[in-house]
Amino acid sequence: MNGSGTAPAVPRPAYRRLSVEQRRSQLLAAALGLFAQRAPEDVSLDDVATAAEVSRPLVYRYFPGGKQQLYEAALRSAADELEQCFAEPESGPLTQRLGHALDRYLTFVDQHDAGFSALLQGGSVVETSRTTAIVDEVRRAAAEQILRHLGEPEPSPRLRTTVRMWITAVEAASLIWLDEEKRPTLDELRDWLVDHFVALLTATAARDPQTARVMRAALKGEAPDGPAGELARRILPVVSEAAHLL
């Protein structure tokens with residue numbers, strides 16, 4: 001109490017003035033944080049305003065289209081981040097490059113937890129043709145990144161399909177990993193997915209000359225103690241009893 005018998009005024013926090021881009025990024029970050037915990041239909045603009053510590057009218061000022069516009073913008077933001085996961089310098093063993101890309105991708109999945117399915121799997125009541133196109137764009141961009149690492153500017157249909165199949169498998173494995181309470185560990189899942197890529201590429205190489213050429217070139221850059229060498233040593237005992245098939 002002060003001398004007049006009234007409680008002293010509690011100072012309000014200073015208003016934080018942000019640029020248009022900074023404020024938009026703040027709102028998208030708040031929305032993504034909420035979508036990472038709940039399905040989009042369960043998140044309101046009031047929730048986003050509260051999470052961002054701003055007023056509801058301010059959210060509308062930046063997203064006059066309401067929740068649908070905010071969801072699509074948040075999805076676009078997440079898609080941009082996922083696309084960057086596969087951007088890796090084209091040097092070093094192929095399996096090492098894939099491992100680095102998967103580390104970033106799976107970290108995103110881990111951080112966004114249950115919201116990963118809402119952001120990329122679909123099935124939301126706010127899903128539209130635009131949101132579906134954004135998700136498909138992520139898959140295509142990831143496939144193009146992988147093909148660039150394979151050094152094949154004009155991939156055959158079999159090689160392109162193989163890479164796209166693997167991207168689909170990575171996404172599916174990520175969703176299953178979340179459903180299985182994040183088991184096995186992220187490192188184990190990453191190594192397993194790298195093994196799958198090598199195995200899938202090998203199977204296609206048996207039927208496609210271009211893939212076989214790509215596979216031989218990639219294996220030349222691998223070290224005996226690297227992922228490809230370890231996979232070969234694990235596979236040989238399994239197939240050693242298949243000589244009668246030759």
Side-chain angles (χ1 to χ4, degrees), residues 75-109 116 119-122 129-177 186 189-236 238-239:
L75 182 59
R76 176 72 268 172
S77 176
D80 289 342
E81 186 174 342
L82 281 172
E83 287 181 21
Q84 289 303 311
C85 289
F86 288 91
E88 178 73 17
E90 296 177 37
S91 61
L94 176 62
T95 55
Q96 182 183 73
R97 286 178 260 167
L98 287 176
H100 291 164
L102 285 170
D103 277 338
R104 290 188 290 271
Y105 184 94
L106 294 174
T107 296
F108 178 94
V109 174
F116 178 77
L119 290 168
L120 290 185
Q121 190 180 36
S129 59
R130 290 191 299 274
T131 61
T132 301
I134 291 173
V135 173
D136 287 341
E137 183 182 326
V138 174
R139 296 168 181 146
R140 289 193 300 270
E144 291 302 322
Q145 289 278 8
I146 299 302
L147 287 168
R148 185 155 52 249
H149 284 290
L150 293 176
E152 199 53 68
E154 296 184 7
S156 66
R158 282 185 183 272
L159 178 57
R160 180 176 291 279
T161 299
T162 297
V163 171
R164 293 183 65 183
M165 286 170 58
W166 183 72
I167 295 297
T168 301
V170 169
E171 183 177 314
S174 300
L175 293 169
I176 294 171
W177 180 73
L186 272 181
L189 180 59
R190 175 203 61 214
D191 293 344
W192 194 11
L193 289 171
V194 171
D195 286 350
H196 280 194
F197 184 79
V198 175
L200 192 57
L201 204 62
T202 301
T204 303
R207 294 177 177 269
D208 181 51
Q210 185 191 65
T211 305
R213 185 171 65 252
V214 167
M215 186 70 181
R216 286 193 292 270
L219 290 176
K220 285 181 180 178
E222 295 291 329
D225 59 347
E230 292 179 4
L231 177 61
R233 288 190 291 275
R234 289 197 301 272
I235 288 179
L236 285 177
V238 177
V239 300

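By convention here, the first residue in the shown sequence is residue 1.
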Novice: Would you please name every residue forming a side-chain hydrogen bond (donor to acceptor under 3.5 Å, both in side chains) with Arg207, sequence neighbours left out?
Specialist: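 Residues passing side-chain hydrogen bond (donor to acceptor under 3.5 Å, both in side chains) with Arg207: none at all.
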
Novice: Return the set of residues passing side chain to side chain contact (heavy atoms under 4.5 Å, CB included) with Ser174 (not counting sequence neighbours), or none when no residue passes.
Specialist: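 So Ser174 forms a side chain to side chain contact (heavy atoms under 4.5 Å, CB included) with Tyr105, Leu106, Val109, Phe116, Val170.
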
Novice: Measure the CG-CG distance between Leu94 and Leu201 for me, rounded to the nearest 0.5 Å.
Specialist: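 One finds 7.5 Å between CG of Leu94 and CG of Leu201.
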
Novice: If you apply the rule side chain to side chain contact (heavy atoms under 4.5 Å, CB included), what do you find for Arg190 with Leu193, and how did you get there?
Specialist: CA-CA 5 Å; Arg190 175 203 61 214; Leu193 289 171; 6.0 Å; no

Novice: Of all the heavy-atom pairs spanning Ala205 and Met215, show the shortest one and how long it is.
Specialist: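 Scanning both residues, the minimum pair turns out to be CB-CB, 4.2 Å.
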
Novice: For residues 209-232, which residue pairs pass the ring-ring contact (aromatic ring centres under 6.0 Å, His included) check, not counting sequence neighbours?
Specialist: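 Checked against ring-ring contact (aromatic ring centres under 6.0 Å, His included) - neighbours excluded - no pair reaches residues 209-232.
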
Novice: Identify whether the distance between the nearest side-chain nitrogen and carboxylate oxygen of Glu144 and Arg160 falls below 4.0 Å.
Specialist: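 Looking at Glu144 and Arg160, the cut-off is met.
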
Novice: According to the ring-ring contact (aromatic ring centres under 6.0 Å, His included) rule, which pairs have a member within residues 146-177, sequence neighbours left out?
Specialist: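 Matches after skipping sequence neighbours: Trp166-Phe197.
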
Novice: The criterion is salt bridge (Lys or Arg N to Asp or Glu O under 4.0 Å); which residues satisfy it with Arg97, sequence neighbours excluded?
Specialist: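 Not a single residue meets the salt bridge (Lys or Arg N to Asp or Glu O under 4.0 Å) criterion with Arg97.
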
Novice: Enter the distance from Ile146:CD1 to Thr162:OG1 here, rounded to the nearest 0.5 Å.
Specialist: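 The distance works out to 12.5 Å.
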
Novice: Could you tabulate the donor-acceptor pairs under 3.5 Å formed by side-chain atoms of residues 77-85, not counting sequence neighbours?
Specialist:
from  : atom 1 : to    : atom 2 : distance (Å)
Asp80 : OD1    : Arg76 : NE     : 3.1
Asp80 : OD1    : Arg76 : NH2    : 2.9
Glu83 : OE2    : Arg76 : NH2    : 3.1

Novice: When you measure from the side chain of Arg233 to the backbone N and O of Pro224, does any donor-acceptor pair fall under 3.5 Å?
Specialist: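 Answer holds: yes.
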
Novice: Going by side chain to side chain donor-acceptor pair (under 3.5 Å), name the pairs with one or both residues in residues 220-232, residues two or more places apart or in two chains.
Specialist: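 Those involving residues 220-232 are Thr95-Glu222.
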
Novice: Enter the distance from Leu102:CG to Asp191:CG here, rounded to the nearest 0.5 Å.
Specialist: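 Between atom CG of Leu102 and atom CG of Asp191 there are 9.5 Å.
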
Novice: Going by side chain to side chain contact (heavy atoms under 4.5 Å, CB included), name the residues that satisfy it together with Asp208, two or more places apart in sequence or in a different chain.
Specialist: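 With neighbours one apart ignored, the set is Ser156, Arg158, Leu159, Thr204, Gln210, Thr211.
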
Novice: For Ala101, check side chain to side chain contact (heavy atoms under 4.5 Å, CB included) against everything at least two apart and list the hits.
Specialist: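 In terms of side chain to side chain contact (heavy atoms under 4.5 Å, CB included), with neighbours along the sequence ignored, Ala101 is linked to Phe86, Arg104.
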
Novice: Under the side chain to side chain contact (heavy atoms under 4.5 Å, CB included) test, which residues partner Ala199, sequence neighbours left out?
Specialist: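 Side chain to side chain contact (heavy atoms under 4.5 Å, CB included) list for Ala199, sorted by chain: empty.
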
Novice: Roughly how far, to the nearest 0.5 Å, is CZ of Arg148 from CG of Leu150?
Specialist: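 Nearest 0.5 Å value for the CG-CZ distance: 11.0 Å.
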
Novice: Do any pairs count as a salt bridge (Lys or Arg N to Asp or Glu O under 4.0 Å) and have a residue in residues 195-206, sequence neighbours left out, and if so which ones?
Specialist: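 Listed by first then second residue: Asp195-Arg234.
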
